[in-house]
Amino acid sequence: MLPAGDGDVHRTCGGPSLFKVTLSMSGIFLKQAELYRPELITLLRELYAAGEKNHQVEYLDETYYHSLTSLFEDPDKTEFRNRCHCIGR
């Protein structure tokens with residue numbers, strides 16, 4: 001995401017362009033970006049600020065662990081919850 005967005009933020013959004021983008025990110029993605037690539041969080045903020053005037057950038061809410069639940073066979077997701085509670089400790 002960084003090479004595609006770096007430097008193109010103000011050129012793509014913030015002008016009279018018809019370009020619009022909607023991004024959806026899980027909490028896990030945002031946490032990983034914050035820990036390992038904080039410049040990505042900065043880029044996402046710049047992208048939103050650049051496209052705010054013309055409503056060109058939109059972020060959708062997503063659940064924190066949404067993308068990982070399908071990896072577990074337990075239909076009640078207790079295995080998933082037990083493992084995830086250990087991550088933050």
Side-chain angles (χ1 to χ4, degrees):
M1 182 168 193
L2 281 173
D6 196 23
D8 293 332
V9 170
H10 298 289
R11 187 171 47 241
T12 305
C13 295
S17 170
L18 297 177
F19 178 82
K20 293 185 179 194
V21 64
T22 299
L23 300 172
S24 178
M25 296 158 278
S26 69
I28 289 290
F29 170 80
L30 293 172
K31 186 66 170 177
Q32 294 295 309
E34 183 180 58
L35 289 172
Y36 302 110
R37 297 299 293 264
E39 63 272 19
L40 180 56
I41 301 295
T42 302
L43 179 67
L44 291 170
R45 287 181 176 144
E46 289 175 0
L47 179 65
Y48 183 80
E52 187 174 20
K53 179 182 176 185
N54 296 323
H55 305 287
Q56 292 172 284
V57 180
E58 177 182 48
Y59 293 118
L60 298 179
D61 291 335
E62 197 173 309
T63 58
Y64 194 85
Y65 297 112
H66 175 73
S67 61
L68 299 177
T69 58
S70 64
L71 301 176
F72 297 92
E73 294 179 12
D74 180 7
D76 295 325
K77 304 298 181 222
T78 53
E79 177 190 3
F80 172 73
R81 283 194 296 273
N82 292 340
R83 287 189 184 194
C84 290
H85 287 296
C86 295
I87 291 173
R89 294 178 188 172

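The structure presented is a predicted model; accordingly, all values stated were derived computationally and were not measured. Quick note: residue numbers are just sequence positions, from 1.
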**Message:** Quick one, Glu34 and Leu40 - any side-chain contact, counting heavy atoms below 4.5 Å?
**Reply:** no
**Item:** By side chain to side chain contact (heavy atoms under 4.5 Å, CB included) - contacts of Leu35 (at least two apart)
**Value:** Lys31
**Request:** Please examine the side chains of Leu60 and Leu23, heavy atoms only from C-beta on, and report whether any two atoms are closer than 4.5 Å.
**Result:** no
**Request:** Could you give me the CA-CA distance, side-chain angles and deciding distance for Glu62 and Ser24, then say whether side chain to side chain donor-acceptor pair (under 3.5 Å) is met?
**Result:** CA-CA 7 Å; Glu62 197 173 309; Ser24 178; 2.4 Å; yes
**Prompt:** To the nearest 0.5 Å, how far apart are CD in Glu58 and NZ in Lys20?
**Reply:** 9.5 Å
**Asked** Taking the side chain as C-beta and beyond, is there a heavy-atom pair between Leu47 and Tyr59 under 4.5 Å?
**Response** yes
